[in-house]
Amino acid sequence: MAERKELYLGYTTDKAMTPFMQDFLENLDEDRLMKSVCTSCSAEYLPPRQHCQKCLSEAKLTEMTESEATLYSYVVVNFAPETLSSKGVYIVAIGEFPSGLKLTAHITNFATMSGPPEVGMPLKLKFAKEADGKMITYRWLV
Ligand SMILES: [Zn+2]
């Protein structure tokens, strides 16, 4: 269960994967977040999907130009899974970009907040590398 959560919120660079995911990771490694856009119906996916959920056509990676979002929803995790136990309490948040695309990531600087998170508050996307660069991910900053 904990492993599934980590895969969703971070990406390891040492595992074999599809060329599509490899391309996504190489961009993320250079601080570019990619969405995918369906070549047939223009539906957008974030995190990107290689095939459109609506029409099953191929979707192509396209760089996200938005880096600021608003807090759509969040959960405070008081009891971290073993792999995240060093983090203590943490917040997993869904941010909504102006385009309507949503992205789930940790809020890592919530200690700087004077109170609990509030839906609608501004979030800023930040790229991060962990585990000696073997894991690349993104975070929300408040
Ligand atoms: Zn489509």
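Please read these numbers as outputs of a predicted model, since none were measured by experiment. Whatever order the structure lists ligands and atoms in, that order sets their numbers, starting from 1. Below, all heavy atoms of this structure are taken into account, side chains as well, without hydrogens, waters or symmetry copies.
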Could you tell me which residues satisfy salt bridge (charged side-chain N to carboxylate O under 4.0 Å, His left out) with R49, sequence neighbours excluded, listed by chain and number?
none
Should we say atom [atom1] of [X] is surrounded by more than 12 heavy atoms from elsewhere, each under 6.0 Å from it?
X	atom1	value
E118	CD	no
Y72	OH	no
K102	NZ	yes

Within-2.8 Å protein N/O/S contacts of the Zn ion (ligand 1)
C38 SG, C41 SG, C52 SG, C55 SG
Among side-chain atoms of E66 and S99, is any donor-acceptor pair under 3.5 angstrom?
yes
Ring center gap for F97 and W140 short of 6.0 angstrom
yes
